[in-house]
Amino acid sequence: MTTYNVALNFEDGVTRVIQCDDDEKVTDAAFRQKINLPMDCRDGVCGTCKCFVEKGEYELEFYMDESMSDEEAEQGYALTCQMIPESDCVVRVPASSAICKTAPEAVEAEVQGVDKLSETSFGLRVKLAKPINFLPGQYVNLTVPGTDKHRSYSFSSAPGAQEATFLIRNLPGGVMSTYLGEQAKPGDALTATGPMGAFYLRPIERTQVWLAGGTGLAPFLSMLEQVAEQGAEHPITLYYAVTRAADLVELDRVNALAEENGNVTVITILAAEEDAHERKGFVTDHLGGDDLHDGDCDVYLCGPPPMVDAVRAHFGKLGVEPANFYYEKFNPTEEKAEAA
């Protein structure tokens with residue numbers, strides 16, 4: 001018997017991954033794993049369990065016109081009470097995790113090491129008590145050892161790995177930065193709660209434009225890991241923008257992953273006037289209508305709020321609207337601010 005992973009993305013940003021047998025309906029698999037997906041009839045009649053399948057192959061045993069139209073089925077909607085996966089799937093559930101009586105999973109972890117990558121960033125490596133199945137781009141809440149605080153960070157490692165990595169901004173006076181810079185040692189215990197977030201890699205069906213600002217590179221590293229493993233037919237351009245040359249961390253890894261896929265172009269940009277570089281200024285100085293393929297592209301952006309706002313305004317000035325625009329802002333408190 002084959003078992004597939006089905007990621008259930010709830011409207012409050014929580015993701016739970018369930019295992020579904022190849023002859024099992026998604027609703028039944030969810031109930032078996034104590035997740036109460038919305039459901040009334042269980043017979044494909046009422047439409048209460050209608051969700052949107054963002055990724056994956058599946059069979060629908062039955063549905064009535066009153067519950068879901070043929071047009072909706074063609075668009076990717078499915079009744080989970082009639083949905084039998086034929087591959088790993090990603091399903092968007094129009095309900096909160098609380099309503100479905102589930103919550104982010106808390107996984108114990110142990111610090112393996114901290115790397116000071118630059119004056120502005122740390123690399124944190126932790127060993128998880130068990131792998132976390134997340135979607136590339138998502139984040140977890142990490143407890144800060146010795147405190148009652150937690151901070152949210154995107155994975156920079158591949159989904160399902162036993163050792164998880166994170167790229168963390170060094171914020172002077174920040175509770176996590178202080179811990180990483182002055183106190184951290186191998187063996188320290190912490191808890192990772194998640195995964196969460198609506199910023200994650202969707203199926204690659206057109207040209208990709210990825211924009212990373214500073215440590216906003218982290219989720220793209222995770223995405224590149226998946227692309228290197230699974231491949232991508234459409235071209236991907238990663239713009240990696242930082243202030244100074246010293247802030248271009250993990251560049252060897254980025255280039256290695258890009259070369260492994262063969263369909264990824266990496267463009268670096270520096271803002272500081274004093275540093276010599278091929279491309280100076282901001283992302284918006286190097287992003288024209290042709291780079292956006294006149295809108296026939298998916299844009300992913302992870303960076304500080306001013307960068308997100310500037311890029312959105314830039315699209316308006318260019319008169320170009322991407323087919324899809326996914327972004328995540330992070331703010332100086334080291335906590336996730338907004339995703340869309």
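Quantities reported herein were computed from a predicted structural model and do not represent experimental measurements.
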So [Y] and [X], do their side chains get closer than 4.5 Å, heavy atoms only?
X	Y	result
D291	Y239	yes
P304	M307	yes
S177	P172	no
V209	D298	no
F31	N36	yes
V6	Y58	no
M196	T15	no
L180	I168	yes

For atom [atom1] of [X], is the number of surrounding heavy atoms from other residues, nucleotides or ligands below 6.0 Å larger than 12?
X	atom1	value
Q230	CD	yes
Q162	CD	yes
K149	NZ	no
K34	NZ	no
D23	CG	yes
E86	CD	yes
Q75	CD	yes
E273	CD	no

Candidate pair L190 and V126, rule side-chain contact (heavy atoms from CB on, under 4.5 Å), full reasoning
CA-CA 9 Å; L190 68 160; V126 303; 4.1 Å; yes
Gap separating the [atom1] atom of [X] from the [atom2] atom of [Y], nearest 0.5 angstrom:
X	Y	atom1	atom2	value
K317	T284	NZ	OG1	7.5 Å
L142	T191	CG	OG1	9.0 Å
T165	Q112	OG1	CD	12.0 Å
T243	I269	OG1	CD1	12.0 Å
C49	D40	SG	CG	9.0 Å
N324	R206	CG	CZ	5.5 Å

Residues 101-122 vs ring-ring contact (aromatic ring centres under 6.0 Å, His included), sequence neighbours excluded, gives none
Which pairs count as ring-ring contact (aromatic ring centres under 6.0 Å, His included) when at least one residue sits in residues 64-116, sequence neighbours excluded?
F52-Y77
Minimum heavy-atom distance between [X] and [Y], given as atom pair plus value:
X	Y	result
N9	Q138	OD1-NE2, 4.2 Å
A189	P145	O-CG, 3.6 Å
S154	G137	OG-O, 3.9 Å
T147	V144	OG1-O, 2.8 Å
H277	T268	NE2-OG1, 2.8 Å
Q19	T3	CB-CG2, 3.6 Å

Joint hydrophobic cluster, [X] plus [Y], side-chain heavy atoms closer than 4.5 Å:
X	Y	result
F282	Y327	no
I18	I84	no
Y4	M83	no
V17	L37	no
F220	L251	yes

Does [X] come within less than 4.0 Å of [Y], counting only side-chain N to carboxylate O?
X	Y	answer
D28	K25	no
K55	D88	no
R202	E205	no
E108	K127	no
D309	K329	yes
R92	E11	no

Measuring centre to centre across the rings, with the benzene-like ring taken for any Trp, is F155 within less than 6.0 Å of F166?
yes
[X] side chain to [Y] main-chain N or O, any donor-acceptor pair under 3.5 Å?
X	Y	value
D296	T207	no
S157	A164	no
S118	T120	yes
R151	G174	no
H314	D285	no
Q33	A29	yes
N261	N263	yes
Y139	F199	no
E24	D21	yes
D275	A272	no

Criterion side chain to side chain donor-acceptor pair (under 3.5 Å) on T27 and T80, from CA distance to verdict
CA-CA 5 Å; T27 297; T80 55; 2.8 Å; yes
Parallel, tilted or perpendicular: which one describes the rings of W210 and Y300, with boundaries at 30° and 60°?
perpendicular
Would you check if there is a donor-acceptor pair between the side chains of Y63 and D43 at a distance under 3.5 Å?
no
Could you verify whether a donor N or O on one side chain and an acceptor N or O on the other, from D188 and Y179, lie under 3.5 Å apart?
yes
With side chain to side chain donor-acceptor pair (under 3.5 Å) as the test, would you mind laying out the steps for N170 and S121 before giving the verdict?
CA-CA 5 Å; N170 183 6; S121 59; over 6 Å; no
F325 six-ring centre to R312 NZ/CZ under 6.0 Å and within 45° of normal:
no
Under 4.5 Å between side-chain heavy atoms, chaining through other members, with only Ile, Leu, Val, Met, Phe, Trp and Tyr counted: pull out the rest of the cluster around Y200, sorted by chain and number.
V90, L135
Can K50 and E72 be said to form a salt bridge (charged side-chain N to carboxylate O under 4.0 Å, His left out), step by step?
CA-CA 10 Å; K50 183 162 57 182; E72 287 179 312; 3.1 Å; yes
